[in-house]
Amino acid sequence: SAGAAFAEGYYANEINALLNEDGDLTVGVKGGNGLLWAIWGNWTVTFKGMEASTLAAAITDQVTRVNVLAESLDGTLTEPILTKITEVCNEAEALATKADLTEAEADKAVAALIALCEEIQKVSDTVKDVEQAYTDFMAAKSDFYDTTTDALKARADKAEAGFDEASESYYLTLETEELVAYAKELRYLAGAMKIPAGAYDATAESGFDLTSLFENPDFENYAEIGANANYNGWAGSGFGTGGGTAGAVAERWNQASGFNTYVDFTGLPEGLYEISCDGAYRTSINADWDIVYGEGTTDNEAFLYGKTSEWEEKVAIHNIAEGRMTQEEAEAAGIDVTANCETKAVNEPTGEKDEEGNDITATVRYYFPDQLFTADQWIKAGKYLNNTIKVAVPADGKLRVGVTRKGAANDWAFLDNFKLTYFGQKAAVGVEGIEMSQTGVKGIFDLQGRKVSKAVKGIYIINGKKVVK
């Protein structure tokens with residue numbers, strides 16, 4: 001039916017384009033994501049020459065495109081961009097009426113209109129970003145304003161005034177760069193107001209627990225959807241049950257293309273943080289056994305990481321073979337190894353010698369978790385605890401906490417009990433004696449943590465970053 005409609009002349013689309021001297025022209029169709037249906041056919045390309053009327057048509061097409069885009073984004077454009085749209089379009093339309101319009105003039109006008117479309121979209125996206133940041137900011141202000149510091153209260157009051165709809169949305173009078181800065185301030189405050197005032201007294205000897213900043217650190221908060229659980233508060237790849245039993249442990253299973261699941265924090269006080277979680281990863285029982293016993297290697301570990309705007313720290317989480325238990329050990333912990341467990345039998349020395357002085361071995365059978373239910377039991381039995389890193393957060397207050405892995409078929413990682421602890425601005429960062437400044441870690445240190453006067457040949461930590469000389 002589409003072909004018949006095309007034959008009758010329906011759904012015809014046409015655009016005028018100016019071709020540069022290089023002779024390159026890309027023709028195509030593109031659209032967004034979602035439930036779309038696109039059909040096309042009967043492509044034609046017609047050279048219309050370089051007459052003034054042809055050049056004018058190309059300009060007029062681009063003016064129309066600008067106006068259609070601006071109309072579709074009505075309500076999310078600022079006064080400066082609306083003024084610019086009027087000025088640029090009026091100038092282009094006047095140019096299109098010139099009887100002696102040249103190719104160079106038309107090229108310049110079309111290029112300016114195309115660039116204007118990109119700028120319009122950027123402004124609209126930035127306005128939407130500001131509005132979402134303001135929504136998040138006001139939610140935080142409603143819940144935490146009374147418990148935050150006086151300095152943050154003053155900043156919050158000022159930020160709210162910039163979004164006063166009663167004064168006809170003052171933020172819509174801002175230039176794009178000012179909008180970006182405003183969104184940044186709103187996001188910082190949305191995070192900073194959640195920080196209890198007592199956190200600012202944290203020291204290297206007395207850390208302050210900020211685990212409450214996680215929406216879902218221990219995965220007790222999940223919404224069951226069929227056989228899967230949707231764990232709230234985590235972005236990126238997210239967590240799922242991989243077909244297993246939903247429970248208060250999160251997992252990523254059979255992620256051949258890898259995964260990266262994380263939480264972003266904003267408004268954190270500058271200083272040293274400790275990030276920890278319980279959990280383990282598995283490639284396969286045999287491979288993992290070899291890795292733990294030093295007979296194999298892997299570049300496919302799962303990592304707990306903390307990433308700031310200036311640096312990243314990470315550590316491989318426990319290998320599943322590290323938490324092995326015999327049947328007797330598992331039963332003592334209340335675990336039934338006949339269900340939802342993996343097993344491996346190995347020969348181990350008994351501590352005795354035969355007549356020739358050789359070690360006597362005996363077969364020992366070990367068990368490992370194979371589902372979320374038993375993973376939870378293993379963690380509660382004291383296995384796979386405290387994967388831990390420390391990371392310095394700079395003055396912008398941004399920190400991403402996550403778990404990532406490159407991926408392999410039938411791999412498995414399970415996580416629980418994330419924790420975040422703050423140790424203050426002057427706490428040691430990785431090595432003793434490094435102090436935080438307003439721009440991050442200050443000083444030159446060797447890999448043993450010794451402060452040096454200058455860096456010669458070798459690897460050093462300079463102002464918080466690893467540098468090779």
Side-chain angles (χ1 to χ4, degrees), residues 5-33 36 38-131 168-183:
F6 290 164
E8 293 294 326
Y10 292 101
Y11 307 119
N13 301 279
E14 181 179 295
I15 188 171
N16 291 293
L18 289 179
L19 189 61
N20 294 325
E21 293 180 356
D22 61 12
D24 293 337
L25 175 65
T26 300
V27 176
V29 177
K30 66 178 181 179
N33 298 319
L36 304 175
I39 53 175
W40 55 83
N42 303 328
W43 291 82
T44 61
V45 177
T46 304
F47 178 57
K48 294 186 175 182
M50 300 303 296
E51 299 296 329
S53 59
T54 301
L55 299 174
I59 295 175
T60 302
D61 278 357
Q62 288 300 328
V63 170
T64 300
R65 179 187 172 208
V66 167
N67 288 324
V68 168
L69 178 62
E71 184 177 351
S72 71
L73 299 175
D74 184 42
T76 63
L77 298 180
T78 60
E79 292 177 16
I81 193 64
L82 290 171
T83 298
K84 186 172 182 178
I85 290 169
T86 300
E87 292 174 349
V88 173
C89 287
N90 286 345
E91 183 178 337
E93 288 175 331
L95 185 65
T97 64
K98 284 185 62 176
D100 58 348
L101 178 63
T102 66
E103 180 185 358
E105 290 174 323
D107 279 345
K108 183 177 180 180
V110 168
L113 290 164
I114 291 173
L116 181 59
C117 282
E118 295 175 354
E119 185 177 355
I120 291 169
Q121 188 63 61
K122 179 182 178 181
V123 170
S124 176
D125 292 343
T126 304
V127 168
K128 292 174 184 176
D129 189 44
V130 168
E131 291 173 344
E168 302 200 356
S169 302
Y170 167 73
Y171 70 103
L172 291 179
T173 68
L174 302 177
E175 297 288 349
T176 305
E177 293 76 12
E178 295 174 309
L179 276 175
V180 171
Y182 186 38

Mind checking the [atom1]-[atom2] spacing from [X] to [Y]? Nearest 0.5 Å is all I need.
X: E177; Y: T126; atom1: CD; atom2: OG1; value: 9.0 Å
X: L116; Y: Q62; atom1: CG; atom2: CD; value: 10.0 Å
X: L69; Y: I85; atom1: CG; atom2: CD1; value: 7.5 Å
X: L95; Y: T60; atom1: CG; atom2: OG1; value: 10.0 Å
X: L82; Y: K84; atom1: CG; atom2: NZ; value: 12.5 Å
X: I59; Y: K98; atom1: CD1; atom2: NZ; value: 9.5 Å

Apply side-chain contact (heavy atoms from CB on, under 4.5 Å) to residues V63 and L113 and explain how you reach the verdict. CA-CA 7 Å; V63 170; L113 290 164; 3.8 Å; yes

Heavy-atom closest pair, residues [X] and [Y]:
X: A96; Y: A56; result: O-CB, 3.3 Å
X: F6; Y: W40; result: CE1-C, 3.8 Å
X: L55; Y: A106; result: CB-CB, 3.8 Å
X: A99; Y: A52; result: O-CB, 3.5 Å

If you apply the rule side-chain contact (heavy atoms from CB on, under 4.5 Å), what do you find for L172 with L179, and how did you get there? CA-CA 8 Å; L172 291 179; L179 276 175; over 6 Å; no

Not counting sequence neighbours, which residues clear side chain to side chain contact (heavy atoms under 4.5 Å, CB included) with D125? List them please. Q121

Among T76, D129, T78, the one residue meeting side-chain hydrogen bond (donor to acceptor under 3.5 Å, both in side chains) with S124: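 Exactly one pass, corresponding to T76.
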
Measure the shortest side-chain to side-chain distance between I120 and L77 over non-hydrogen atoms and say whether it is less than 4.5 angstrom.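 A side-chain contact under 4.5 Å exists here.
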
So, the side chain of N13 versus the backbone of Y11: is there a donor-acceptor pair under 3.5 Å, distance only?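 The answer is yes, because a donor-acceptor pair under 3.5 Å joins these two groups.
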
